[in-house]
Structures are given as C-alpha cells and as structure tokens.
Amino acid sequence: MSEKTPIPLGSNFIRAIVEKDLAEQKFNLKKWAGSPGDALHQAAGHIDSAKIRTRFPPEPNGYLHIGHAKSIFLNFGLARDYGGICHLRFDDTNPEKESQEYVDSISDAVQWLGFGWQNGNENNLYFASDYFDEMYRAAVGLIEAGLAYVDAQSADEMRINRGTLTEAGKDSPFRNRSIAENLNLFNEMRDGKHADGSLILRAKIDMASPNINMRDPAIYRIRRAHHHNTGDKWCIYPMYTFAHPIEDALEMITHSICTLEFEDQRPFYDWLLDNLAKAPTEANGESKLGLIATPVPHQYEFSRLNLTYVVLSKRKLIDLVEQKYVSGWDDPRLPTLAGARRRGYVAEGFKLFTDRIGVSKADSWIDYSTLEDCMREVLNESAGRRIAVLDPIKLVIENYEAGKVEDCFAPNHPQQPELGKRIVPLTKELWIEREDFMEVPSKGFFRLMQGGLVRLRYGYVVKCTGFEKDAAGNVTMVTCEYLPDTKSGTAGADAIKVKGNIHWVSAAHAYECEVRLYDRLFSAAHPGEAGTDYLTQLNQNSITKITAQLEPSLKNAKPEDRFQFERHGYFVADKKDSVAGKPLFNRTVTLRDAWQK
RNA sequence: UGGGGAGUCGCCAAGUUGGUUAAGGCACUGGGUUUUGAUCCCAGCAUCCGAAGGUUCGAGUCCUUCCUCCUCAGCCA
C-alpha cells in the first residue's frame with residue numbers, strides 16, 4: 001500500500017482553508033450571543049460552540065436550480081463536516097423582485113436536499129431585511145467617519161463619471177459635502193423627503209481605483225416599494241454590495257462562500273467590514289466596540305456550475321416559465337430543483353454529483369450525462385424493479401391454454417433478494433415491446449425473430465412462429481409457442497440457454513397508463529453560446545407522452561414512488577398529476593444501453 | 001488596451017515549504033459474472049502538467065516572457 005494518505009473524495013481548496021483556519025485556532029475567541037447582532041450584542045454572548053459558520057444566501061426572486069445544489073452542499077456540507085453551522089439567509093434587499101412564493105420554494109428545496117436550519121434550540125433562518133436597522137446604523141457610521149456621502153448625480157451622470165475599464169473616474173461634485181450635511185440628507189432620504197432616484201448614498205473610496213467596484217460604489221438607494229417582509233416601513237434599501245458583508249458579520253459567519261463573479265468585490269467587502277469593525281459609534285457608546293464584532297468574515301470564491309444542454313441563469317429560467325415554454329417552475333424538464341424532483345431525481349444523486357464534480361476556481365462545463373449517471377447510480381440501489389411495456393404489440397402464445405392464468409415470480413431487486421418477489425400473471429396474450437421483435441434481424445440482435453428462441457423474463461422460453469402486419473407494413477402481432485418445461489424457477493429452466501430475454505405484461509391484467517418520456521430541454525450543448533438565441537435551441541422532442549401497458553402492481557404506486565422499469569430506465573409516479581389508484585409516470589433517466597441502436 | 005481570476009488525461013480534479021515512476025472520480029477500451037444488451041467484478045488508460053526560455057543535482061511546483069479563456073463600467077444580486 002502507498003504511504004501517502006489518500007485524499008478523501010470531496011477534498012477541495014475551500015476545505016483546505018477551513019482546515020488551516022481551524023488548525024490555527026482562528027475562531028477560538030469568537031463569541032455568539034445566540035442570534036445575529038452587532039458587536040455589543042455578540043460581546044455579551046459566549047464563545048461560539050459552532051466551529052465555523054457558513055451561510056447559503058439566496059435572493060428570493062426565483063426558484064433554486066442545480067447550480068444552487070452545488071452551493072448548498074458546499075455550505076451546509078462544510079458546516080456539517082467541521083462541527084459548524086450553516087445559516088439559511090434570504091438576501092432580500094431588493095423588494096421589487098422578491099416574493100413569499102420564492103421564499104417558500106427555496107425553503108422546500110433546501111430541506112428536500114436534506115438540510116435544515118434548526119440547530120438545537122437555535123433557528124438559523126434569517127432575512128437580510130431583518131437587519132435593515134443595523135444597516136442603516138452602519139451607513140450612518142460610515143458617514144460619521146467621513147467614508148460615505150450623499151450624491152445627487154443622476155444615474156446617467158454617475159455612470160459617465162465612473163470612467164471606463166481603462167480610464168479613471170471623476171469625483172462627484174457632491175463628494176465633499178460636510179458630514180453634517182450628509183447625515184441630514186441621509187436622514188431625509190429615510191424619511192421620504194426625496195424622490196426615488198434623486199439621491200443616493202455612496203461609499204467614499206477612490207474614483208481612480210483600477211477596480212471599478214471601489215469607485216465610490218452606491219450603497220443605499222431610495223425606492224418606494226412594498227417589501228415582502230418589512231412592508232412599507234422603508235423607502236430606502238441597501239445595495240447587495242453593502243448589505244451582504246454586514247449580513248455575514250452580524251451572523252458571525254466565518255467563511256462567506258460565493259461564486260467567482262464576486263471576486264473583485266472582495267476588496268470592498270474587506271474595506272467595509274474593517275471600517276465598521278473599528279469605527280466606534282454612538283450607539284455602542286463607551287464600549288469602544290465597532291459596529292460589528294470581530295473576527296470579521298472572509299469571502300472565498302469558487303467557480304459556478306455550468307451544465308451542458310440546460311440553462312442555469314435565473315433570467316433565462318424566468319423567461320422559460322413566464323413565456324410558457326414549460327409548464328411551470330416544476331416542469332420536469334427544467335433544471336430547477338423543483339423540476340428535478342418531479343422528474344424523479346433524488347437528493348442523494350445530487351450529493352453524489354457535487355462530490356464528483358468537485359469545487360475549484362477553474363471554469364468548467366460538466367456534461368449533463370454526468371448528472372444522469374449519478375442519478376442512475378443512486379436509483380440502481382434504491383429503486384424497486386417493475387415491468388412496463390412502453391411501445392406495446394401483442395404476443396400470442398399459440399400453444400398456451402386460453403383463459404389460464406399462471407403466477408410468475410419477479411424479484412423486486414436483483415441484488416437485494418431480501419426485498420422479496422412479487423407475482424406477475426402470465427396468460428396466453430401478452431404485451432411485449434415492439435422493438436423486441438425484428439422481422440429482419442440486424443447483426444447482433446438476439447431477441448425475438450422468426451424461428452428464434454427467447455425467454456419471457458421470469459416465465460418460459462418461447463419460440464417465435466410468425467407475425468402479422470397491417471396494410472402499412474407495421475407488425476401488429478407476433479405469435480409463438482412456449483416450451484412447457486422451461487419455466488423460471490423450475491428444474492428445467494436452465495435446460496435451454498437463450499441469450500435473449502424480454503419483458504412482457506399480461507394483456508388481460510395490464511394497467512394502461514400515461515407515461516411521459518423526457519429528454520433534454522435544449523438541443524444545443526451550450527444554449528445561447530456565441531450570440532445565439534437559446535430560445536431557438538429548445539429540443540422539440542423534450543417531452544413525449546405515451547400510453548404504456550404496466551404490470552398490475554404499479555396501479556398502487558404513490559406519488560414520488562420510484563421504480564426501475566426493467567430494461568428501460570428509472571421512472572417516478574408524478575407528484576402532481578397522479579391520483580390514488582391512477583398514477584402517471586415520468587421517466588427520470590434511461591438505463592445505460594451498450595447495444596447502440 | 002486597466003483591475004481581478006483561471007489554464008494538469010475526452011470531462012472533472014488532487015498536487016504540502018521544488019525531490020524520485022503526476023492522486024482519485026467519471027467517461028472510454030478489453031475481459032469475467034449475470035433470466036435487465038442494466039448492475040457488479042478485474043485490467044488498461046497523461047514520459048507529461050497552456051507555450052517558450054531560465055534557475056537547480058532535481059520543477060506541474062521558483063523566475064522571465066508570451067498565448068488562451070473567464071470576469072468587472074446596475075441606483076440587480
């Protein structure tokens with residue numbers, strides 16, 4: 001054996017950072033008062049029993065998608081693995097786009113993936129909007145420290161004076177207002193004395209900074225909009241740039257993990273927190289504490305997930321839903337977690353997937369089939385086997401007694417005999433798969449063909465004797481004779497070895513049922529790439545509804561029951577459209593098929 | 001063209017302060033088991049780390065130059 005210790009699956013640079021921080025006892029003196037709050041509040045608490053704190057901070061302006069699953073497993077997984085706690089925090093600082101529906105769907109998705117926010121008697125579910133008072137105080141603190149000012153330039157003027165990527169910006173003519181004046185104006189903004197967009201609070205940093213994010217970023221805007229959480233209490237709202245670091249700090253987050261596009265925002269993140277941590281404020285009085293507690297959080301960035309054949313952008317997903325290209329946020333073709341769930345994807349599969357793809361800072365495209373493989377892998381273990389004929393034609397056993405019903409025993413799982421067997425009835429007339437018979441067999445085909453032998457799975461070996469066609473030349477029926485001594489499970493079963501093995505359902509007993517076959521939503525691997533319009537790249541065959549003949553036991557399937565339909569793939573009883581005694585099935589993913597057709 | 005990032009096998013991704021034959025997974029290929037052309041098992045799979053120079057006894061790991069890609073100019077997040 002090698003002397004090197006094997007790297008555990010899921011090792012990545014962020015875990016390395018956490019392990020280093022922990023080894024250096026970086027957070028050993030960090031306090032936590034049991035709830036988020038400023039420095040004074042946290043100082044009254046105890047040493048935090050959570051070794052680290054992370055957070056998953058979605059904006060409730062859309063449904064979560066597969067990309068979020070990566071972030072959820074990262075943040076919650078880190079907390080779980082290192083004795084920490086992960087907060088679920090809704091980053092709801094823009095009232096115009098956010099709603100309760102999204103809050104609910106996001107909460108559902110997080111729980112579906114197996115995570116929660118109740119830790120002991122601590123409920124770590126938070127809203128950025130709960131911190132609006134603290135954020136206001138922080139803004140005032142910044143103004144008092146001479147680090148923020150109220151600008152009266154229009155949005156256009158601000159844009160022009162921001163400069164370009166290669167040219168420095170110009171100072172606003174309002175940049176040097178007195179602290180008193182700024183304080184007064186900011187209070188007036190809050191009190192609704194100024195029109196939307198007429199004034200804006202900006203951090204005062206450096207209009208010549210090569211990093212555009214440091215050119216006096218806007219931090220508070222006037223926006224008379226009803227907020228899903230705070231109602232009409234505020235007419236000014238903080239910007240993400242300003243709000244997010246404060247949210248993290250108030251929650252005593254140790255590792256604030258986000259995606260790469262926020263990387264050049266990190267200097268502002270640090271600038272803000274350093275200043276708020278050291279600036280004593282009137283509110284904190286003689287404590288000499290800054291507004292926020294130390295140690296302050298640090299931001300780390302990883303590359304977001306790119307998946308082929310889907311779109312993972314909120315804007316595009318919203319388009320698909322609102323323009324009715326799909327049936328809703330939970331359309332099984334959508335890469336939303338709600339859609340994936342209805343499609344039959346499982347949380348364990350997402351866990352496997354995120355472990356498998358890793359976390360790094362390199363841009364990458366994961367092939368959609370990797371996700372499918374993960375689902376197959378999990379479902380293969382967990383899904384019971386059933387029989388379904390998706391494209392039925394009749395098979396008549398000529399030498400089988402009409403009216404006779406014989407029990408055949410089908411194992412519920414080939415690798416898990418403890419799951420037992422179920423009875424499937426055999427009769428003279430069966431449904432079999434159209435593609436299991438070939439009038440002119442192609443090379444390598446070893447299923448039903450004229451004069452050939454094939455086993456009816458869990459039943460008898462039969463010999464094909466003939467077939468019938470309609471006027472259009474389509475095969476309408478196949479006939480055969482069975483070999484009475486070859487029944488599965490009997491002594492004679494192995495007397496005749498056949499390579500072909502096909503599934504079937506008794507026509508008299510079958511449950512006729514709608515089954516939806518799904519395929520990828522887009523026909524292009526990279527929808528919208530290179531200026532193309534992703535809406536023109538939708539796969540026209542992403543859904544096919546068929547009428548299938550299923551084994552009778554399937555009639556009792558409950559919504560979200562998952563099965564492997566043998567030789568076909570994994571299917572789930574639809575969560576929404578199934579009714580008791582009449583489930584409908586969605587194809588989650590096909591089985592791998594080494595016999596390329 | 002300014003700033004910030006990234007380039008290791010088809011797809012991901014490990015690679016401590018430079019030390020011998022460049023982890024692992026997926027995919028793929030070959031073989032075996034199998035009443036799912038599924039699963040499972042075994043084996044194979046980068047003399048090379050974006051390129052070119054350089055330092056060194058020794059470099060994916062250090063230096064130099066170059067190339068490619070991503071990202072930033074919302075009062076969105």
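Chain letters run A, B, ... following the sequence lines, proteins first and then strands; every chain starts at 1.
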Give one of base, sugar-phosphate or nothing for [X], where a contact means two heavy atoms less than 4.0 Å apart.
X: A/V498; answer: nothing
X: A/F353; answer: nothing
X: A/F262; answer: base
X: A/M239; answer: sugar-phosphate
X: A/Y237; answer: nothing
X: A/E263; answer: sugar-phosphate
X: A/G444; answer: base
X: A/S154; answer: base
X: A/R215; answer: nothing

Map A/E98 and A/T486 onto RNA chain B by nearest heavy atom, then report which one ends up closer to the 5' terminus.
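Nearest nucleotide further toward 5': that of A/T486.
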Between A/L165 and A/H244, which is nearer to the 5' end of RNA chain B once each is assigned its nearest nucleotide?
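Whichever sits nearer the 5' end wins; that is A/L165.
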Among [options], which nucleotide sits nearest the side chain of [X]?
X: A/R457; options: B/rC72, B/rA77, B/rU35; value: B/rU35
X: A/N380; options: B/rC70, B/rC76, B/rU39; value: B/rU39
X: A/I212; options: B/rA73, B/rU36, B/rG37; value: B/rA73
X: A/R455; options: B/rC75, B/rA13, B/rU35; value: B/rU35

When you measure from the side-chain N and O atoms of [X] to the phosphate of [N], is any distance below 4.0 Å, counting only OP1 and OP2?
X: A/R223; N: B/rC76; value: yes
X: A/R385; N: B/rU39; value: no
X: A/T370; N: B/rC11; value: no
X: A/T93; N: B/rA77; value: yes
X: A/R356; N: B/rC11; value: no
X: A/R221; N: B/rC76; value: yes
X: A/R592; N: B/rC28; value: yes

For the pair made of CZ in A/R447 and P in B/rU36, what is the distance, rounded to whole Å?
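From A/R447 CZ to B/rU36 P: 13 Å.
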Would you say the side-chain atoms of [X] and [Y] include a donor-acceptor pair closer than 3.5 Å?
X: A/Q265; Y: A/N213; value: yes
X: A/R457; Y: A/H503; value: no
X: A/E566; Y: A/Y458; value: yes
X: A/D367; Y: A/Y309; value: no

Determine, answering yes or no, if A/W595 is stacked on B/rG37 under the 5.5 Å centre rule and the 30° plane rule.
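Given the distance and angle limits, yes, they stack.
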Is the shortest heavy-atom distance from the side chain of A/D92 to the side chain of A/E59 under 4.5 Å?
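Heavy-atom side-chain distance check fails, nothing below 4.5 Å.
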Using the [atom1] atom on both, measure [N] against [M] and round to a whole Å.
N: B/rG4; M: B/rG15; atom1: P; result: 24 Å
N: B/rU29; M: B/rC67; atom1: P; result: 40 Å
N: B/rG44; M: B/rG7; atom1: C1'; result: 28 Å

Complement of B/rG7, any strand, by Watson-Crick or G-U distances under 3.5 angstrom:
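Partner of B/rG7: B/rC67.
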A/D319 bridged to A/K316 by N-O distance under 4.0 Å:
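A salt bridge is absent here (no side-chain N lies under 4.0 Å from a carboxylate O).
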